Amino acid sequence: MAEKRLLLIDGNSVAFKAFFALYTSLGRFTNGDGLHTNAIYGFNTMLETMLDKVQPTHALVAFDAGKVTFRTKMYDDYKGGRAKTAPELSEQFPYLKELLKARGIKTYELPNYEADDIIGTTAKRAEAAGFTTTIVTGDRDLTQLANDHTTVAISKKGVSEIERYTPAYVKEKMGVTPEQIIDIKGLQGDNSDNYPGVTGVGPKRAVDLIDQYGSVEGVYDHIDEITAKKLKEHLVADKDQAFLSKKLATINRDAPVDLTLEDLTYAGPERDALVAFYQRMGFRKFLQGMSVDGVTPSATPGLKAIAYTVLTAANLADVQVTDECAFYLEMDGDNYHLAKFAGFVIGHDDHWWVSRDVSLLQMAPLKQLLENAQVAKQVFDAKRTYVGLNRLGITLAGVDGDLLLCSYLLNTYDNSNDLGRVAAEHGYDQVETDEDVYGRGAKRAIPTDDTVFFKHLARKAQAIARLKQTLFKDLEENDQAELYRQIERPMAFVLARMEIEGITVDADELRAMGSKFSEQLAEIEQTIYQEAGEEFNIGSPKQLGHILFEKMHLPVLKKTKTGYSTAVGVLEKLAVDAPIAENILKYRKIAKIQSTYVEGLLKVINPADHKVHTRYLQTLTQTGRLSSVDPNLQNIPVRTEEGKAIRKAFVPRHPGWQIFSSDYSQIELRVLAHMSHDANMQEAFREGEDIHAATARRIFKLGSDQEVTPNIRRQAKAVNFGIVYGISDFGLSQNIGISRKQAKQFIETYFEEYPGVKAYTEHMVQVAHDQGYVETIAHRRRYLPDINSRNFNQRSFAERTAMNTPIQGSAADIIKIAMIHMEEALQGMQATMLLQVHDELIFEAPAEEIPTLAKLVPKIMDSAVKLEIPLKVESHAGPTWYDLK
DNA sequence: TGTGTCACG
DNA sequence: ACGTACGTGACACAG
């Protein structure tokens with residue numbers, strides 16, 4: 001007899017997972033009728049995977065029938081407090097059922113029962129009939145159904161990845177057998193289904209108890225053996241709840257399901273119906289998968305035709321642009337300092353001109369147009385466009401709208417660098433993403449087909465032109481127009497010029513350091529091998545873990561998801577008794593410097609000018625800070641001497657010049673003092689006190705005659721940092737190695753001494769709750785949807801960011817303003833601004849200009865904004881970056 | 001491609 | 001009871 005394989009799917013659970021996995025792309029997944037399709041799409045992806053893997057002979061998708069079930073009769077509040085299903089998801093269910101019908105898969109729901117019960121019942125019948133069954137769900141509770149005939153596949157990471165639970169795997173992962181899952185639930189309850197279990201019992205204790213006594217019944221049979229007094233009290237008090245919770249968690253395997261296994265026979269899809277469905281949903285990927293005739297892949301449903309003219313040297317004069325145009329310069333690759341030019345589009349809603357030949361841009365009519373500040377340009381990523389054109393000898397001027405920048409300011413989560421995606425976020429659907437047109441990963445390439453490429457370019461320009469008004473209006477509504485016009489837009493050009501300028505790196509110096517590090521590494525390596533008694537890969541956490549904890553039997557202090565932790569903190573503790581740990585730390589430190597900084601930097605020095613040209617990402621961070629890539633020049637070592645040596649390779653571009661830097665001193669705490677209006681903190685800054693020492697005096701209640709020792713200053717400093725990060729007693733205790741209770745005491749005292757700060761932190765959390773976002777002094781926004789999350793971790797994280805973002809973000813605002821003013825201030829000087837490292841600006845200049853800079857730069861920086869307390873700036877100069885101390 | 005580790009403010 | 005500091009990027013390894 002042929003093997004019978006049954007695929008059972010928990011429809012609600014998988015749809016729910018798919019919906020949230022693709023939630024951030026909700027805007028991209030709509031069909032021509034405006035129906036959201038992300039859950040349907042994700043569900044179908046899962047189906048394809050599972051059908052392929054399982055090759056079922058029978059299949060069923062079970063759905064919940066409604067809110068009222070036999071469980072709500074047992075317990076009124078079952079699944080109470082659950083947020084209502086999002087309408088964007090609910091509307092997809094009827095279509096999901098249609099999809100399943102077209103795929104030839106039976107669907108079923110049963111009043112009074114949940115999908116779980118239908119699945120449990122069907123699986124039981126299938127087991128009796130000799131089937132091999134696979135259950136697909138997003139809900140771990142169903143692992144109680146795992147046995148020799150039935151495995152439970154839980155979709156993780158959205159729906160693309162699954163985790164298969166066999167009885168052995170359940171035991172390994174959860175510490176109990178499948179049958180005992182319900183006992184665990186009985187004791188610990190279930191937050192998402194809203195039933196309580198026993199007070200004071202979480203997952204850990206529940207597993208321990210069940211491991212020892214076998215079941216909830218077993219626990220109560222041996223209740224007298226339990227010595228922990230509090231635990232016993234809770235168990236006794238909550239006995240009824242425990243038994244009720246166990247019942248609620250138990251899947252009913254004898255529900256009145258009026259389906260026979262015969263009804264579930266799976267014979268594959270009805271092809272025509274499925275094709276028609278995919279077409280209605282606009283699922284090009286799935287249509288391609290079926291290689292349907294007459295459906296061209298690029299013909300996205302709903303995408304209208306677009307007209308354009310191909311430019312050549314002969315028809316350049318046809319380009320008719322008077323006061324405004326959209327422009328997009330396409331390159332093959334992210335690194336616009338080096339990427340090959342692929343083409344461009346210029347024009348307006350009446351007409352689009354395109355070409356692959358960027359040299360046309362260097363010719364009179366187009367060059368003049370681009371350099372004319374009177375012609376307003378609408379672009380996507382002004383900085384990238386400016387740098388690209390600069391390579392062609394063109395200085396872009398007159399940029400009005402930058403779709404990317406505007407979109408980022410409106411919502412930092414919409415920070416995709418892809419025009420198609422950004423457009424979709426703002427409700428514009430007439431342009432595809434680059435991924436759709438160019439492909440992704442290794443397969444990504446500019447199309448050789450002119451029509452495909454030019455159409456896409458024209459659609460990009462059209463999207464830019466069409467969205468400008470909307471986004472400007474949104475910025476006005478958010479009170480962010482000034483942030484855009486006065487800060488971010490000019491900032492883009494300041495950054496572009498810094499990137500183009502680059503900073504000189506002495507490759508010989510780096511190579512010399514490199515060979516020294518190589519020698520040191522070889523030496524430490526040998527010592528480690530001797531200590532270990534064998535050779536192994538020190539860089540592999542897995543092999544290292546094996547040597548330290550299995551071969552050498554060092555104590556396991558901490559574990560990671562995948563094995564033993566060998567992080568610094570762990571090795572430092574081990575180093576007390578085991579010299580090998582000390583050597584590994586040394587090895588790691590040098591290996592890091594060698595690979596990331598010596599070798600990494602050598603790779604990116606431009607041979608033509610001996611410089612490195614980073615790219616600042618202006619639309620990435622959630623706080624408004626910049627980030628730096630390719631290479632990252634914002635994390636060049638400074639804290640250890642070996643690392644700091646790397647800075648010797650950063651030199652001025654001319655002999656006799658100097659590197660100069662100015663940094664804001666404690667800008668974040670000053671911002672906090674300003675925003676919180678805290679009188680005590682403001683006083684400390686106004687009096688020019690050492691803020692950490694002042695804080696130490698306050699929280700340790702020192703008299704004026706008592707000395708602030710380095711140790712208590714260090715602790716006070718950690719508390720100050722903690723406040724800025726959104727403090728927790730646990731975090732603080734970890735950081736400075738004190739007990740949690742002590743940390744809690746510190747924080748309480750801190751808030752007593754700085755009551756304004758306490759009020760500020762509470763106010764920010766409240767603001768986030770009330771309006772859904774927090775703001776910086778320049779009206780930069782960060783939305784915090786998780787602030788109302790029922791998940792403790794997500795909510796706590798949102799609360800900490802509500803406190804931190806206005807501080808970190810306002811500091812970012814301030815230095816950006818200073819940088820914009822700086823360019824003007826440096827007019828007529830040879831000095832050049834090269835780098836920004838969050839609270840620090842780095843320049844190069846002829847030695848004779850240094851005294852001028854030393855006055856000018858701090859003046860620009862501390863007058864960037866007017867706060868309730870002064871800003872403080874410190875400056876340094878020297879022959880290399882290393883010498884700035 | 002995800003994880004662990006470590007570099008910076 | 002929950003499980004933690006905020007914001008980043010690059011590298012090596014392993015699957």
Side-chain angles (χ1 to χ4, degrees), chain A residues 157 160-161 188-189 191 196-206 234 412 441 537-545 560-571 584-585 588-589 591-597 599-601 603-604 614-617 620-640 642-644 646 663-664 666-668 718-719 721-736 740 743 747 782 790-797 799-809 811-812 815 836-840:
Chain A
K157 288 251 163 205
S160 53
E161 222 180 291
Q188 82 171 60
N191 268 332
V198 177
T199 313
V201 176
K204 237 182 136 155
R205 277 189 166 171
H234 285 311
T412 52
N537 186 345
I538 305 170
S540 160
K542 200 177 153 194
Q543 292 184 36
L544 181 61
T560 66
K561 262 188 246 174
T562 53
Y564 310 106
S565 169
T566 63
V568 180
V570 175
L571 293 182
I584 289 163
L585 285 169
R588 278 228 189 114
K589 193 161 85 183
K592 173 83 179 180
I593 297 166
Q594 179 80 315
S595 68
T596 305
Y597 298 103
E599 290 164 5
L601 278 173
K603 267 186 244 169
V604 293
T614 187
R615 275 152 49 228
Y616 289 104
L617 305 186
L620 182 136
T621 68
Q622 298 304 308
T623 55
R625 274 190 175 184
L626 301 174
S627 87
S628 158
V629 293
D630 247 1
N632 180 356
L633 295 180
Q634 291 182 319
N635 73 344
I636 301 301
V638 68
R639 292 172 190 169
T640 69
E642 297 98 316
K644 194 174 174 184
I646 293 292
D663 63 277
Y664 284 112
Q666 277 123 22
I667 187 164
E668 293 191 344
V719 182
F721 268 94
I723 296 291
V724 170
Y725 292 155
I727 199 145
S728 74
D729 51 10
F730 183 88
L732 180 65
S733 71
Q734 288 293 299
N735 194 294
I736 50 178
R740 195 168 163 164
I747 295 166
R782 180 174 185 173
R790 290 156 46 85
N791 178 314
F792 176 87
N793 277 328
Q794 288 180 2
R795 191 175 61 248
S796 303
F797 182 70
E799 286 170 358
R800 293 196 295 271
T801 34
M803 304 175 207
N804 171 268
T805 297
I807 300 172
Q808 193 182 112
I815 195 164
Q836 187 248 44
V837 191
H838 308 307
D839 62 0
E840 178 185 15

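The basis for the numbers below is simple: all heavy atoms, side chains too, and nothing from hydrogens, waters or symmetry mates. Sequence lines set the chain letters: A, B, ... in the order given, protein chains first and strands last, and positions in each chain run from 1. This is a predicted model, so every value here is computed, not measured.
OP1 and OP2 of C:dG9 both lie 4.0 Å or more from every side-chain N or O belonging to A:Thr596. Contact annotation: A:Thr566 reaches the phosphate of B:dT5 (side-chain N/O to OP1 or OP2, under 4.0 Å). Phosphate proximity of C:dG15 to A:Lys542: present, with a side-chain N or O under 4.0 Å from OP1 or OP2. Of the side-chain N and O atoms in A:Arg588, one or more sit less than 4.0 angstrom from OP1 or OP2 of B:dC6. The phosphate of C:dT4 has neither OP1 nor OP2 within less than 4.0 Å of any side-chain N or O from A:Arg800.
The base of C:dG7 has none of its N or O atoms less than 3.5 Å from a complementary donor or acceptor on the side chain of A:Arg782. A donor-acceptor contact under 3.5 Å is not formed by the side chain of A:Gln634 with the base of B:dC8. No hydrogens or angles were tested; on distance alone, nothing pairs the side chain of A:Ser627 with the base of C:dT8 as donor and acceptor under 3.5 Å.
Of the two residues contacting DNA chain C, namely A:His838 and A:Arg740, the nearest-nucleotide position lying further toward the 5' end is that of A:Arg740. When each of A:Leu617 and A:Gly200 is assigned the nucleotide of DNA chain C bearing its nearest heavy atom, the one mapping closer to the 5' terminus is A:Gly200.
Distance from the side chain of A:Val629 is smallest to C:dG9 among B:dG4, B:dG9, C:dG9.
Between the CZ atom of A:Phe797 and the P atom of C:dT4 there is a distance of 12 Å, given to the nearest Å.
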